[in-house]
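Below is one structure; the comments refer to it alone.
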Amino acid sequence: MSKAQERLQTEMPTTYDPTVAEQRWYDAWIQGGYFRAGRRPDAPKYSIVIPPPNVTGMLHIGHALDFTLQDILIRFKRMQGFDALWLPGTDHAGIATQTKVEQKLREEGVTRYDLGREAFLEKVWEWKEHYANTIRSQWGKMGLSLDYSRERFTMDEGLSQAVREVFVRLYEKGLIYRGKRIINWDPAARTALSDIEVEYKEVNGHLYHLQYPLADGSGHLTVATTRPETMLGDTAVAVHPEDPRYKPLIGKMLRLPIVNREIPIIADEYVDREFGSGAVKITPAHDPNDFEVGQRHDLPQITVMDESGKMNELAGPYQGMDRADCRKAIVKDLQEQGVLIKIEDHVHQVGHSERSGAVVEPYLSTQWFVSMKPLAEKAIEAQKSGQGVNFVPERFEKIYLHWIENVRDWCISRQLWWGHRIPAWYCDACGEMHVSREDLAACPACGGASLRQDEDVLDTWFSSGLWPFSTMGWPDEDSADLKKYYPTDVLVTGYDIIYFWVARMIFTALEFTGEIPFRDVLIHGLVRDAEGRKMSKSLGNGVDPLDVIAEYGADAMRFMLSTGSTPGQDVRYRTEKVEQARNFANKIWNASRFALMNLQGFAAEDIDLSGPLSTADRWILHRFNETARDIARLMENYDFGETGRLLYNFIWDDLCDWYIEFAKLTLYGEDDAAKRCTQSVLAYVLDRTLRLLHPFMPFLTEEIWQHLPHEAGETITLAAWPAYDPKFEAEEAVKEMSLLMEAIRAVRNIRAEVNVSPGKKVELLIKPSGAAEESILRRNETYVRRFCNTSSLALDAGLAPPDKAMTAIVTGAELYLPLAGLIDIGQEISRLEKELANLNAEVERVEKKLANEGYIAKAPAHVVEQERAKGQDYRDKRDKVLARIAELRG
RNA sequence: GAUCUCAUAGCUCAGUUGGGAGAGCACCAUCUUGACAGGGUGGGGGUCGCAGGUUCGAACCCUGCUGAGAUCACCA
């Protein structure tokens, strides 16, 4: 072993150790400032803003998928010469983070009310700092090429200013209003929620039939309800105006049991005559539909619960009870009074808070809303006129449109402490309300100083919706980043937040920047566990990306996630898949070790592709060239799965299994000129292949590239993306290689069949079909000798086949192995007959196809031509096999 | 109820404008050959969910059905 080889052994052990490369290179990349945008001021830009992860905790494997896809795109574009910006950041995630911090405090025996607003917020900021750091370190472990100099947080100063600006402008336009409405109330978190923060789950409940007596004592009316406790807030019973059963009762009064209040029977078309009894109790303060009915009929609104879901003073004897307890109690009481006449099982959908899990209460309260119609119309028009964003896969456009076409006003106020405080002030002196960009100290109307700012904060998604432009410096229209990098090129995210986030970014961007915020939206699926279940804390089936990285390496994880899925489709996390990716990394590592051992003393300047290249040399250059071309095309289409397959097949099959084996012949041979050619090709192809792979496996490729002779450049991160080069086209080398490969395979096959060990030399006779084939085989005779391990090789078009020999018919040649003592003529004949049957079937199939007039007339010419050529090939082979069988039979 | 996705080898999944069915793992045989046993070589295994239709030609397009899942909307 030479000294150089020894050094290689210590620097490059036989197994790739990801931890070494990962530690070495991420810091170096950051130090070098390679990820900073603006390095190529004159180049066209390519920009992505990261979907900001919540500062609620650590990143999970779903983040790893999302970020890997973006990193692949940004690295690809950076190598292509774009001025690439990938802007990082985090989201304050109002309700989610506040819940987490409150939970932590509760474990310490403290509530947020004990601390007070200011002290509580300090705790949240501490939490935020801690997790933002954790997230940053996780980004590093994943190898993400983020421009940290531009990192943003939804609650930092600039973004908060953007939030105020948007709020004030919408308010001034009349698109933000304050009003008393039925909203979704989370009694656990004690805050309002938007419609999409409510998850409907199927619940086995009951339908209670209650008999309300008429006030004049003339009878009863039966109503059906799933929520009997709300009867305390009933202010009417509604029937359908055309329902003959109840028509005479309309306008009469009922006496509400327990509370003994008189309520009217009203007529409203909202009532479905078929359902239940056809009469509906109306509780305007606790049901959105009833609220509407109440508005139409001018009914009183009686709220019978408080903010925590407990019954209030209007609930009489039930005051202080929790909703659920009250239901039990009231059912019992109604039963005793004979009012409850029937209980049916009833399956229905019940809304739960997406965050706290509590059953959401439709609740009447004063909140802030965004008037969605005008904003939605703009977005719909943009999309339908072709000026909208381009969804990948396309089907998500329909999902988006469906939502935005049916969207209702957006409740944006939250009764939380963590978030952007609503910029509205109330004057105690004159009673006026003022909405302002700046904090107000005195009332602009009366000059009074007793101003109170609205206690509520904004929905988290209000600020997230501005992310693509607020991070670039908006509302400062002169911001250099805004001018250069906005709008962004692509947004990469999961289908689960299309409504929450994607839609909101689109309509706010259109309203405030007059442009769509990104050209493409790449939608990916969720990462599920091995059984296909959603990962969740309660199941404990979550996968920590750091664990995966520690065990298999970041590159293996990245490769598995990015190439193991199709856009929009969920991925299952299975260890076998990561193992496969890890093995792939190791394969590349070892191929590189081989190359480096044979490139000792060979420098980048020595690479010379103009010499007498061998068939294999020209072939691998051709294969590399078309692989590079195909990959660039696939990457533009976000087809990472297919890209991965192409890379895998090219590297493993073509480069490692064939080219390197062929290369050994010249590398270990005596011909120095041929050796230099192979060294050049090996160095060149490996360098360029690493570049193709770099966006997927940044650490491994950098580590190897740094050892390899390559063009000047301090990092593969900034190396040029290999463009297709017509000078490498070598169709004839492809043909030659396929003849050689087919012949070599055939001989290996026969040897395996008769158990001749690969180490044992055999005699081989080759009869080429023509002069061209003969010339190819003669030129590459050394390959054939080596890979077929021949003791003697006869190559002659006029060859007379020996009687006792195994036969292989390939395209362009007949091969004979006279294996004395191993051949049973009968067996050989039946083997050939089997092959004959296969060939006959093929010939028949092709001929049948070609006999079809419609096919000849309508199929594309090149397809027909291909088929004809195949047919000819099969016939040739068949005839030769036939002839051989005849010979053997004598 | 509406919309959407999925159904392909034992398992997990690809299949790029319709042109003779693929990969990895698993399995079998074989090779301890000087980059790699996390390897090499070779092999077995699929009526592409079912039924129709369009087409010269369908895993792919259309219709219906079955099964699994998702999203949205709901009648109290």
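Heavy-atom basis, side chains included; hydrogens, waters and symmetry copies ignored. Just so we're on the same page: letters track the sequence lines, and every chain starts at 1.
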Contact nearer the 5' end of RNA chain B, comparing A/Leu634 with A/Thr15
A/Leu634
Want to settle it: does A/Arg574 or A/Arg227 sit nearer the 5' end of RNA chain B, counting the closest nucleotide to each?
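By nearest-heavy-atom nucleotide position, the 5'-most residue is A/Arg574.
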If you look at every strand shown and take non-hydrogen atoms under 4.0 Å, does [X] touch a base, only sugar-phosphate, or nothing?
| X | value |
| --- | --- |
| A/Lys281 | nothing |
| A/Asp290 | nothing |
| A/Tyr270 | base |

How far does the C1' atom of B/C48 sit from the matching atom of B/C60, given to the nearest Å?
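Comparing C1' positions in B/C48 and B/C60 gives a spacing of 10 Å.
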Do the ring centers of A/Phe662 and A/Phe787 come within less than 6.0 Å of each other?
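Centroid separation for A/Phe662 and A/Phe787: below 6.0 Å.
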Taking the six-membered ring of A/Phe594, is the NZ or CZ of A/Lys664 close enough (under 6.0 Å from the centre) and on axis enough (within 45°)?
yes
So, is [X] near the phosphate of [N], with a side-chain N or O under 4.0 Å from OP1 or OP2?
| X | N | answer |
| --- | --- | --- |
| A/Lys587 | B/G40 | yes |
| A/Thr14 | B/C36 | no |
| A/Asn583 | B/G39 | yes |
| A/Lys398 | B/U71 | no |
| A/Arg745 | B/G42 | yes |

